[in-house]
Amino acid sequence: MIDSERLRDIVQEAGRIAHSSWPGDGHEVESWEKVPGHPVCAADLAVDTFLKRELGALLPSAGWLSEETADDPRRLGKGLIWLVDPIDGTRDYLRGRSGWAVSVALISSGRPLIGMLAAPARGEEWLAVAGQGATRNGERLVASTRSRFAGARVPTDALPKEDSDLVVVDKPNSIALRIAMVAADEADLVATLRWGYEWDIGASTLIAREAGAEVTDAFGQPLAYNKRDPRAFGLLVCAPSIHPDAVDRLSDRAAVLAPQTK
C-alpha cells in the first residue's frame, strides 16, 4: 500500500521547486534546446532529479519513465512504473505564464492508477485515483456533459476552417492542463493529431476519465501505457456524448497524418 500523504507531499514539493525558479515571479532560469524547437530548463532537471529520488524511495519496486531521464528498458518488466513530466508546458514556464504543471502518474499493468498535477502558478492541485473520482483543490470534478458537437469549447490558439463550428477557449501550453480543463467542465474537447509521449498525458487522462470524460486516441481506441515505444498517435478527450462525432471528424485526418509524423 502506497503512502498517499507522502506522495502528495512529494508532488507538492516538486511544484515548489519548479515555482521557485519560475520567471513569472521574476526569477531567472537557465534554458536551452534539447533539439530545435524543444526547450528544456534547469528547473526541469531539478524537478526530475527530486522526483526520481523521492518516488523511488516511496515505491522501490516501481520502474521509471520520464521526459528528462534516459529510458531504461527494464521498466518493461515492471508491473508498476512512475510516469513523470517534470514540467509540462515548458514554453509557458519560460515565458512567465501560468500554463504549466508537474505531472506524476503511477501506472499499473499498462493503465493509470494514480494521477497528480501540481500547478502552483495557478494555485491548483489535481488528483485522481482509479475508481475513486478526481478532484481539484479537494473539490470533486464532474467533466463536461455537452451533447452537441457544434459549439464545443476547445482550448486552442486557432481553429482550422473545417472546425469553424467549434469555439476557442483559453489554451495553456501544458497538454495536461488542457485535458484537465475537460475534467473541470471548462472545455468540452481536446484533440491532437500528432505523435505524443505517455508522460505528457498519463496523469491528466486519468483525471479526465475519473471525472467522467471519454478518453481515447484519435481513432477512438483505448490508450495504453508503459509500451516499448512510449508514444501514441493522437489523443481525444471529450464529453462522452460528443465522442462519436469527434471520432468521425478526426479519423480521416488521423489516417492521413499518422504515417507522416512518426
Side-chain angles (χ1 to χ4, degrees), residues 11-12 14-25 29 31 33-34 37-41 43-48 51 65-68 83-105 112 115-128 134-137 141 143-144 153-158 168-209 211 213 215 223 225 230-232 234-238:
V11 177
Q12 286 179 334
R16 283 191 286 269
I17 291 169
H19 199 239
S20 68
S21 299
W22 181 47
D25 277 347
V29 62
S31 65
E33 289 192 338
K34 291 182 283 189
H38 293 272
V40 66
C41 66
D44 282 294
L45 303 186
V47 172
D48 189 70
L51 287 173
L65 179 60
S66 165
E67 181 174 14
E68 305 304 342
L83 185 59
V84 169
D85 193 341
I87 299 179
D88 183 55
T90 300
R91 289 181 179 84
D92 267 11
Y93 181 89
L94 292 174
R95 293 168 181 157
R97 299 174 182 172
S98 64
W100 58 273
V102 176
S103 176
V104 173
M116 296 188 69
L117 301 176
R122 302 161 68 97
E124 294 175 349
E125 178 184 301
W126 306 72
L127 169 66
T135 61
R136 177 174 58 182
N137 295 346
L141 296 170
S144 166
R153 300 165 293 171
V154 183
T156 187
D157 295 321
V168 172
V169 295
D170 184 57
K171 172 198 164 188
N173 181 232
S174 164
I175 182 67
L177 288 176
R178 299 200 297 273
I179 293 166
M181 289 173 68
V182 179
D185 196 15
E186 296 168 354
D188 305 303
L189 169 69
V190 169
T192 66
L193 290 173
R194 58 179 174 79
W195 288 94
Y197 287 92
E198 294 178 13
W199 50 69
D200 293 321
I201 62 171
S204 57
T205 51
L206 180 62
I207 291 166
R209 181 167 59 82
V215 178
L223 299 173
Y225 296 88
R231 298 181 299 171
L235 172 72
L236 175 57
V237 179
C238 63

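Values below: all heavy atoms of this structure, side chains included; hydrogens, waters and symmetry mates excluded.
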Would you name the heavy atoms of Pro120 and His19 that are closest together and state the gap between them? CG-CB, 3.9 Å
Scanning both residues in full, the closest heavy-atom pair of Met181 with Pro172 reads SD-CD, 3.7 Å
Just wondering, do Ser204 and Ile175 contact through their side chains at under 4.5 Å, heavy atoms? no
Do Asp200 and Ser103 come within less than 4.5 Å of each other through their side chains, counting heavy atoms only? no
Heavy-atom distance under 4.5 Å between the side chains of Arg136 and Arg122, does that happen here? no
Could you walk me through whether Leu141 and Ile207 pass side chain to side chain contact (heavy atoms under 4.5 Å, CB included), step by step? CA-CA 9 Å; Leu141 296 170; Ile207 291 166; 4.1 Å; yes
How close do Gly202 and Leu83 get, heavy atom to heavy atom, and via which atoms? CA-CD2, 3.9 Å
Looking only at heavy atoms, which two atoms of Leu177 and Gly99 are closest? And how far apart? CD1-C, 3.7 Å
Taking the side chain as everything from C-beta on, heavy atoms only, tell me whether Pro155 gets closer than 4.5 Å to Val190. yes
Is a side-chain N or O of Asn137 found less than 3.5 angstrom from the main chain of Glu125, in a donor-acceptor match? yes
So how far is it from Asp170 CG to Glu186 CD, rounded to the nearest 0.5 Å? 10.0 Å
Working to the nearest 0.5 Å, report the span between CG of Leu235 and CG of Leu223. 6.0 Å
Side chain to side chain contact (heavy atoms under 4.5 Å, CB included) assessment of Val237 paired with Ile201: CA-CA 11 Å; Val237 179; Ile201 62 171; over 6 Å; no
Would you call Arg153 and Asp185 a salt bridge, taking side-chain N to carboxylate O under 4.0 Å as the test? yes
Any Leu206 side-chain heavy atom under 4.5 Å of Trp126 side chain: no
Could you go through the side chain to side chain contact (heavy atoms under 4.5 Å, CB included) check for Ser66 and Leu51 one step at a time? CA-CA 10 Å; Ser66 165; Leu51 287 173; over 6 Å; no
Of all the heavy-atom pairs spanning Trp22 and Ala121, show the shortest one and how long it is. CH2-CB, 3.7 Å
For the residue pair Val168 and Thr156, what are the closest heavy atoms and their distance? CG1-O, 3.2 Å
Spacing of Cys238 atom SG and Asp188 atom CG [to the nearest 0.5 Å]: 9.0 Å
Does the side chain of Asn173 reach to within under 4.5 Å of the side chain of Arg97, using non-hydrogen atoms? no
Is the closest side-chain heavy-atom distance between Ser21 and Tyr93 below 4.5 Å? yes
Flag the pair Asp48 / Ile87 as yes when at least one side-chain heavy-atom distance between them is below 4.5 Å, and no otherwise. no
